[in-house]
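Just below is one structure, and these are the notes that go with it.
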Amino acid sequence: MSMHAIFLTILLSPLVGAIGAGVFGRWLGRSGSHTITISSVAVSTLLAAYVFYQYIFAGAEGYNATVYTWMVSDGIHFEAGFLVDRLTATMMLVVTFVSLMVHIYTIGYMHHEEGYERFFSYISLFTFSMLSLVMSNNFLQLFFGWEAVGLVSYLLIGFYFKRESANQASLKAFLVNRVGDFGFLLGIALVVGYFNTLDYVEFFHGLAAQKDTTIAFGDTQVHMLTLLTMLLFVGAMGKSAQMPLHVWLPESMEGPTPISALIHAATMVTAGIFMVARLSPAYELAEGTLNFILLTGASTALFMGLLGIVQNDIKRVVAYSTLSQLGYMVAALGVSAYAAGMFHVLTHAFFKALLFLAAGSVIIAMHHDQDIRNMGGLAKKMPITYAALLVGSLALIGFPGFSGFYSKDGILLALDAANTGTAQLALVMLMLGVFVTAFYSFRMFFIVFHAPESEYVRTHEIHESPWVVTVPLIMLAIPAMLFGAVFVEPLLFGDMLKDSIVVLPQHDVLAAVAAHGSSALDMLMHGLLALPTWLALSGVALAWYLYIHRPALVPMIARRLSGAHSVLRHAYGFDRFNDIVFVSGARRFGDFFSRITDSRMIDGWIVNGTANTIAFLAQKGRAIQTGYLYHYAFIMIFSLMGLLAWALW
């Protein structure tokens, strides 16, 4: 079987499963629908594992080929094709593996839900869309995958379409992403306009000739590549939920928990990180864009993490941790540490999927009650879920030895090595984010598992979830513990992504980091004594003190800091601002234009006014037509005298 056929099978197999469950689900039934979709994704996962082995361990050469040419217009080829290298191979394996775990988990979670077949069709289609994005070799296919994951996420977030809140959340996600995608589309338009191609490789080859090109806006000259990369990053801000385009992601919790794991772990939200890493040759030539990316990521990491402190919905706590961790990845991109950012994408995929699915296991046991205040004392009742959530939380806070430790410390070390004022400011924000992450993560953990049992827990039967739920937890817990230690050296300091990522020598901060130790053991020994570890432990200790040892202090502190608490409860007012300025503002503009422009100007003045004017003139004209000959002769004589006078004058 050729590599070309393998790539096609990996891409199209989930699509076949989606069509099977979506079109024929009524006849296949529940078991048939989940069998065909899980089988199709399993095929993709096994083949992706083979491709990963070939590219990472067997040294296979990069693959770049066109599959189908849609059309050629003015020399520009609109094509579908594959660009598979080590970066792509790694993303393919992570996407398919996490998707497979989510598919299996869904059997248990959605067992009693309506639309069971439809849900399996959607998540399989989501997998196809994400694979299309990461395997593309051109901007057209990238945009197709980009929009396809947005469309399917709209369907999945609004899966419970009978709930008004789910419909609003899906519409919000769709519209906010359209804002980012408007910038993304303008960026692609600049690629076509200045490089006359949609192909990645041709675009990269043309960068040297265009690196000093400027665009005139009146008397102002703007660096073309800075504008191009900035517009593309606006798209990434929408997909990867960076401030201020982050507001859709917490609302996406209205969808079922399996899709929360799929969207928030290795797929849609990491598309922006992958896109910037893939286009690193262009971003390396846009210093201004890199600084903007750095500050955007650091701000998102800190300020979104703070919001996790006041959340009581277990899924929303994990959702805000996703926002915060995406900020870390974006900050890494801002100092050209693309490998560190992608490393965190990969470790995050495992431990965040683990956290969401473990949270879903708790929700199943609580009969779909998601409020952590109604939980407590679940450690003995749900030992496997307890262990899974503990592993995921330790990986999230970057506890030494867990996967998240290596990738997060790699980012912090990269920012420290950047040695610029902007990087140092971002480093301080990310260091504070380490403490905040540990605090809100273990606040949730301690309340759910170690706080006194709530009345709800005492009066309901709570037990461990079935094997279709717990097996994916165990399978995800293994890489959440081990992936970082195994891949830290080749990913951060080795040549695993060297053929996929371009870094200018003056921007190579990871080379400076490697000089102080480039093995997992070196990082572990450094991390045990480093500030981030102590900040994380301090956050865990404070969470234990406030929510287990002295819980009576919590409401007192909330009252004392009522102003700050209110700001956090209202999420800094982003939603309020958007509602007043954009939603209500758009309605007011629409009402104004309806009353003034449409009704008064167009209908009143132009349409009806034209008709009324003609009617008025016609009425006056009728008075001239008397029917008497001497009236007409009199008008003709005086008209002739007027013409003669005008000619003589």
Side-chain angles (χ1 to χ4, degrees), residues 17-18 21 25 29-39 41-42 97-127 152-153 155-163 166 169-170 252-267 313-319 322 349-372 375 378 381-382 384-389 392 448 460-477:
R30 289 179 169 240
S31 60
S33 295
H34 71 233
T35 299
I36 190 173
T37 52
I38 291 174
S39 299
V41 175
F97 177 74
V98 172
S99 177
L100 179 61
M101 295 300 102
V102 170
H103 275 71
I104 297 171
Y105 177 94
T106 300
I107 298 174
Y109 191 89
M110 302 291 290
H111 180 66
H112 299 293
E113 296 284 354
E114 294 182 7
Y116 185 87
E117 300 87 349
R118 175 166 55 92
F119 187 80
F120 271 96
S121 176
Y122 286 170
I123 57 177
S124 196
L125 184 61
F126 192 97
T127 307
V152 184
S153 68
L155 297 173
L156 285 163
I157 294 168
F159 179 78
Y160 299 121
F161 57 86
K162 295 181 181 179
R163 297 181 190 170
S170 61
S252 69
M253 295 300 98
E254 288 292 335
T257 297
I259 194 52
S260 299
L262 196 58
I263 290 176
H264 288 230
T267 52
D313 185 313
I314 188 171
K315 285 172 63 177
R316 281 182 177 261
V317 176
V318 185
T322 298
F350 297 118
F351 67 71
K352 185 52 58 68
L354 175 62
L355 283 169
F356 266 113
L357 298 187
S361 179
V362 172
I363 293 169
I364 293 171
M366 292 292 295
H367 308 285
H368 292 271
D369 185 347
Q370 299 180 191
D371 194 328
I372 60 176
M375 301 176 190
L378 299 184
K381 299 176 183 292
M382 306 182 70
I384 298 176
T385 301
Y386 173 83
L389 199 57
V448 171
H460 288 77
E461 183 182 354
I462 308 295
H463 54 78
E464 186 60 89
S465 299
W467 70 268
V468 289
V469 172
T470 55
V471 167
L473 296 183
I474 296 169
M475 295 296 291
L476 287 166

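Please read all numbers here as calculations on a predicted model, not as lab measurements.
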Do [X] and [Y] have side chains that get closer than 4.5 Å, going by heavy atoms?
{"X": "Val41", "Y": "Ile123", "result": "no"}
{"X": "Glu117", "Y": "Ser121", "result": "no"}
{"X": "Leu357", "Y": "Val469", "result": "no"}
{"X": "Phe119", "Y": "Leu156", "result": "yes"}
{"X": "Thr322", "Y": "Lys352", "result": "yes"}

Any chance you could measure [X], atom [atom1], to [Y], atom [atom2], to the nearest 0.5 Å?
{"X": "Leu155", "Y": "Arg118", "atom1": "CG", "atom2": "CZ", "result": "8.5 Å"}
{"X": "Met366", "Y": "Ser361", "atom1": "CE", "atom2": "OG", "result": "12.0 Å"}
{"X": "Met253", "Y": "Gln370", "atom1": "CE", "atom2": "CD", "result": "9.0 Å"}
{"X": "Ile107", "Y": "Ser33", "atom1": "CD1", "atom2": "OG", "result": "11.0 Å"}

Between Tyr116 and Phe120, ring centroids under 6.0 Å: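 Yes, ring centres under 6.0 Å apart.
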Pair Tyr109 and His368, ring centroids less than 6.0 Å apart: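 Distance test on ring centres: under 6.0 Å, yes.
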Where is the tightest heavy-atom contact between [X] and [Y], given as atom of each residue plus distance?
{"X": "Ala21", "Y": "Ile36", "result": "N-CG2, 4.2 Å"}
{"X": "Gly392", "Y": "Leu355", "result": "C-CD2, 3.6 Å"}
{"X": "Ala349", "Y": "Val98", "result": "O-CG2, 4.1 Å"}
{"X": "Gly255", "Y": "Lys315", "result": "O-NZ, 2.9 Å"}
{"X": "Pro472", "Y": "Ile104", "result": "CG-CG2, 4.0 Å"}
{"X": "Gly115", "Y": "Phe159", "result": "O-CZ, 3.2 Å"}

Mind checking side chain to side chain contact (heavy atoms under 4.5 Å, CB included) for [X] and listing every partner two or more places apart, or none if nothing turns up?
{"X": "Ala166", "value": "Tyr160, Arg163, Glu254"}
{"X": "Thr470", "value": "Ile384, Glu464, Ser465, Trp467"}
{"X": "Ala358", "value": "Thr385, Ala388, Leu389, Leu473"}

Met475, CE: over 12 other non-hydrogen atoms inside 6.0 angstrom: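 Atom CE in Met475 is not crowded, with 12 or fewer foreign heavy atoms closer than 6.0 Å.
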Backbone N/O of Ile462 and side chain of Lys381: donor-acceptor pair under 3.5 Å: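 Here the side-chain-to-backbone pair does not exist.
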With sequence neighbours excluded, residues passing salt bridge (Lys or Arg N to Asp or Glu O under 4.0 Å) with Glu113: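 Scan of Glu113 (salt bridge (Lys or Arg N to Asp or Glu O under 4.0 Å), adjacent residues dropped) gives none.
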Pair listing, salt bridge (charged side-chain N to carboxylate O under 4.0 Å, His left out) test, anchored in residues 359-372, at least two apart: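 Every pair satisfying salt bridge (charged side-chain N to carboxylate O under 4.0 Å, His left out) with a residue in residues 359-372: Asp371-Arg373.
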Test side-chain hydrogen bond (donor to acceptor under 3.5 Å, both in side chains) applied to Thr37 - qualifying residues, sequence neighbours left out: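 Thr37: no side-chain hydrogen bond (donor to acceptor under 3.5 Å, both in side chains) contacts found.
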For Phe356, the option from Ile314, Val318, Leu476, Val102 that meets side chain to side chain contact (heavy atoms under 4.5 Å, CB included):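 With Phe356 as partner, Ile314, Val318, Leu476, Val102 yield a single side chain to side chain contact (heavy atoms under 4.5 Å, CB included), made by Val318.
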